[in-house]
Amino acid sequence: MFHLVISAKPTFNALKAVFFSLTFFICSKKKRGKEKTTANKFIKETQKMRALLSPESSSLYFTSINIVFRDPNPCRSRTSLYFLKRDGCCRLIRRKPRSTAVKAVLDSATIEELGLKESDMRNPAISSTYRRSMLPKPNQTVLEAQARICTGPTQTRPLSEEQAFKVLDTILRSVRGELKDEEQVSKAQIGAFFAGMTIRANSFPEETQWSEGERRAMNLFWPLLLRALPPDVIFIADPEGSIMGLGNSVGPQFIGNGTTEMRLVGALREILAGGHLGYEEVQGVLKDVLPLKFEDGKSTGVSESLLSAFLIGQRMNRETDRELKAYCLAFDDELGPAPVADVNSLTHYGEPYDGNTRFFRSTLFVAAVRSCYGESSLLHGVEWMPPKGGVTEEQMLNFMGANTNLSLHQAKKLIEDEEVGFAYLSQREARPSLYSLIGLREHIKKRPPLATTEKVQQFIRAKGKESIVAGFYHEGYEEPLLMLMKRRGVHSGLVVKGEEGALSMTTRLRSASTSKGFPVNYCSGFCSVGTETACKEDGVSHQSFRLEVNAMDYGFEPTDTPRTDRSVSKNIELGLAALHGQKGPAYDRIVLNAGIVDHLLGCDGAEDVTIALDRAREAIDSEGQMQFATRKSALGV
C-alpha cells in the first residue's frame, strides 16, 4: 500500500504532489502488460498532463533520487512528504511552499472550536473560502426572508408579522442610506424580495399568499417605501398599481431606461402576473443583458433589481420546457462553434455547480477511472457558487495545482489524448456571460433557472457517441433535464438523485425516514435505439428507463458515506486513497458510480452490469500495487 504522511499542515506545493498522484494513476493504467517502466517514460507521460498545471506553478523535476518543486518565491518554513514502504522505511522529500500559501490548513470544526471566522482567513482546504472577496455580501436579514418567500407555490413559507416588520424596516433604512457596508440591502435583493411578494399576491394558492402579518406590515411601510424606493422597484412591487391599494401610477407607467430595459420590463409584466414567456422572449432578454458589466462592484448596465426579479420570478412560476430550452441554448455560440473531439465516446458530467457541503464528491475520480478503459469525460463547473458554496471539482483541482483556465481547444486536446482522456472546463472560460451572474445569484438566494440548465451543456462535441449525466434533487426536474438532453441530440442521457442532489450514488442503507420525493440513488434516463417500441423525439428513437440502484444487489456492503463537511483536502484525500487501492466507502462509491453509469448509458463492454463494475475495479486494482511499486523504484522512492 502506498501512503502519504505529511509533516506539518499541507501547503500548495505539497498538495501538488497529490495531483501528480492522480496523473500517475491514469498513466499507469494505460500501460497494462508492462511490468517495468523507466523514469524517462514516466516523465514523457506526465509531460502530456503539464497542460493541466497552472502556468505560474513551480516547475517539477524528476530524478532517480528525488522529486523537487522549484519555487520562485521560497519562504522559510518547509513541508516534508514521507513515502512509506512496506518494510517501514521511508523516503523523505522536502518541498518549499509558496509564500502565498496558508501557514496551516484547518477544517471547519477546528475553525469553529478556535472561535475564528472563515472570512478572516484564506484557507484553501475549505470550500467557503473560495468565494471571491470582491463580491459584496448580501444583507442577512433580507436574505433569510428571501429563502422563505422566493420559492415555489407549495414550498413558500409566509413571514410572520414580526419578521415582515423587521425585513421592511431593514429595506427602508437601507434605501434611505442609514445602513452601511454589509448591512446594506442590495438592489438585487430588493428586486428579488418584492418579485416574490408580487408573484405570491397575484398567482399563488391561498395558503402561500400573503399572511395577515405580512399585509399589516406592508400597509404600514408601503407609504414610506413609496417615497424612498426607485421607480424600477416600485414597478416590481406593484406593476399594475393594484396590490398596495394606494392608487400607485408608477408601476403601470414604468417602461425602463433604454431598449434593453424596455424588453426586460415587458417580460417582467408577464412574469409578475404568474405567466410564462416564449423561447425567443427569454433568449432575447438574456442576450440583451449579459454579460453583466461592473464598475466598483456595481452593475453599469441593466437594473440589477429588474434582472433579479426576472430570474427568480421564472423559477417561482416553474419554468416551462420552452423557457428552460431558451436558458440552456442561449449562449451556445458565445465563443463560436464547439470544438469536436476525435473520440469514440464522450460523457458530459453535469454536477450541481454549487458543490457538496456534507458528503464525499466522487465524480472527478470516477472520470479518472473511466478514462483508463477508453470512456472519455468532460467535467464542467465553477470554483464557488451560491447558495451552498460547497466543494467543487474546480476547488479540488486548484488545490492540487491544476490549471482550471483551460480554453475549449485545450480541453479538447486533453480529451483526445489517450494518456489523459478527460478534462475540466470552468464556466468562467466556457460561458463568460453566465459566469458574470455569480454575484447576482448570491443575492437572489434561491436557485434561478440557470441552476438547472447549466448542467446540460456540450462545450465540446465528439465524433462518436455522446452522453450527458446530471444530478438533481427536487422532484419535478428529472423530466425537464432529460428533455434538455434529448434536445441536445445526445445518444444517451441519465439523471441521478445522488447524495446532496449531486451525482454520487451511495452504498449507504436507505433510511426509514427518506427525504421527500425520489429516494437517493434514483436514476432515470434514455438510450438511443433502433427498436420499434421506442418513443420518438426530434426524430430520434429513445428507450427510456428508471430505477432505484440498490448497491447491495451488486455485492457492495452497506457503508456510511464519508463526510467531508466542506473540506476540499478531505475530499481529495479520500479519492486518491481509493485510486491507490485502499478499500472502503470511497473506493466502493467510485466503482459503483463508474460501473452503473457505464451500464445505464449503454457504453461498449458494459452491457452486463456485473462486468461493468468489475471493469471499474480492474482499472484501479489490476497491476496497481506492482506497477506503482515499479514506478516508485524508478523514481528512487
Side-chain angles (χ1 to χ4, degrees), residues 1-26 49 52-54 57 60 69 79 81-83 95 97-98 101-102 104-110 122-130 349 351 355-369 371 377 379 381-384 389-404 422-424 426 499-500 502-504 561-582 584-590 593-594 620 628:
M1 179 64 69
F2 176 76
H3 299 276
L4 282 176
V5 178
I6 303 179
S7 65
K9 300 294 183 180
T11 61
F12 178 88
N13 276 347
L15 263 293
K16 191 175 293 183
V18 176
F19 175 68
F20 270 88
S21 295
L22 182 58
T23 304
F24 177 88
F25 167 79
I26 298 170
M49 292 290 282
L52 291 173
L53 281 179
S54 300
S57 298
L60 181 70
F69 284 94
T79 298
L81 288 178
Y82 293 89
F83 293 80
R95 290 172 178 78
R98 295 167 69 98
V102 294
V105 175
L106 307 175
D107 58 25
S108 299
T110 306
R122 171 68 175 176
N123 186 348
I126 299 175
S127 64
S128 55
T129 63
Y130 284 84
Y349 275 95
E351 282 276 22
N356 284 29
T357 58
R358 292 177 293 159
F359 298 119
F360 175 59
R361 191 166 168 109
S362 65
T363 298
L364 178 62
F365 309 101
V366 170
V369 169
S371 73
S377 302
L379 286 65
V382 293
E383 186 175 48
W384 180 88
V391 174
T392 65
E393 285 70 31
E394 187 162 333
Q395 289 174 12
M396 288 187 275
L397 290 167
N398 278 335
F399 194 40
M400 293 188 285
N403 178 12
T404 56
F422 77 100
Y424 172 83
S426 175
E499 291 180 306
E500 294 193 60
L503 285 172
S504 295
T561 304
R563 292 197 66 106
T564 55
D565 296 318
R566 296 186 184 273
S567 173
V568 180
S569 55
K570 180 65 174 177
N571 209 100
I572 294 169
E573 177 188 342
L574 289 166
L576 288 176
L579 293 190
H580 285 118
Q582 181 175 315
Y587 174 97
D588 287 346
R589 278 155 182 76
I590 292 172
N593 283 276
I620 301 175
F628 207 81

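No hydrogens, no waters, no symmetry mates; every other heavy atom, side chains included, goes into these values.
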- Message: Working to the nearest 0.5 angstrom, can you tell me the gap between Phe399 CZ and Ile126 CD1?
- Response: 9.5 Å
- Task: Report the distance from atom CG of Asn593 to atom OH of Tyr349, rounding to the nearest 0.5 Å.
- Result: 8.0 Å
Polar side-chain atom of [X] near backbone of [Y] as donor-acceptor pair, under 3.5 Å:
| X | Y | result |
| --- | --- | --- |
| Arg566 | Gly389 | yes |
| Glu500 | Arg358 | yes |
| Glu351 | Leu503 | yes |

Specify the closest pair of heavy atoms between [X] and [Y], including all atoms of both residues, with the distance to one decimal.
| X | Y | result |
| --- | --- | --- |
| Ile620 | Ala578 | CG2-O, 3.4 Å |
| Ser362 | Ile590 | CB-CG1, 4.3 Å |
| Arg361 | Val391 | CD-O, 3.3 Å |
| Pro562 | Leu574 | CB-CD1, 3.6 Å |

- Message: Check whether Phe359 forms a cation-pi arrangement with Arg563 (NZ or CZ under 6.0 Å from the six-membered ring centre, at most 45° off the ring normal).
- Response: yes
Would you indicate whether the side-chain heavy atoms of [Y] and [X] approach each other to under 4.5 Å?
| X | Y | value |
| --- | --- | --- |
| Phe422 | Leu364 | yes |
| Tyr130 | Thr392 | no |
| Ser504 | Phe360 | no |
| Glu393 | Thr363 | yes |

- Message: Checking Thr404 against Glu383 for the side-chain contact (heavy atoms from CB on, under 4.5 Å) test, could you report, in this order, the C-alpha distance in whole Å, the side-chain angles of both residues, the deciding distance, and whether it holds?
- Response: CA-CA 9 Å; Thr404 56; Glu383 186 175 48; over 6 Å; no
- Are Gln395 and Ser127 linked by a side-chain donor-acceptor pair shorter than 3.5 Å? no
- Item | Short side-chain donor-acceptor distance under 3.5 Å, Gln582 and Tyr587 | no
- Query: Taking only residues two or more places apart in sequence or in another chain, which ones pass salt bridge (charged side-chain N to carboxylate O under 4.0 Å, His left out) with Arg589?
  - Reply: none
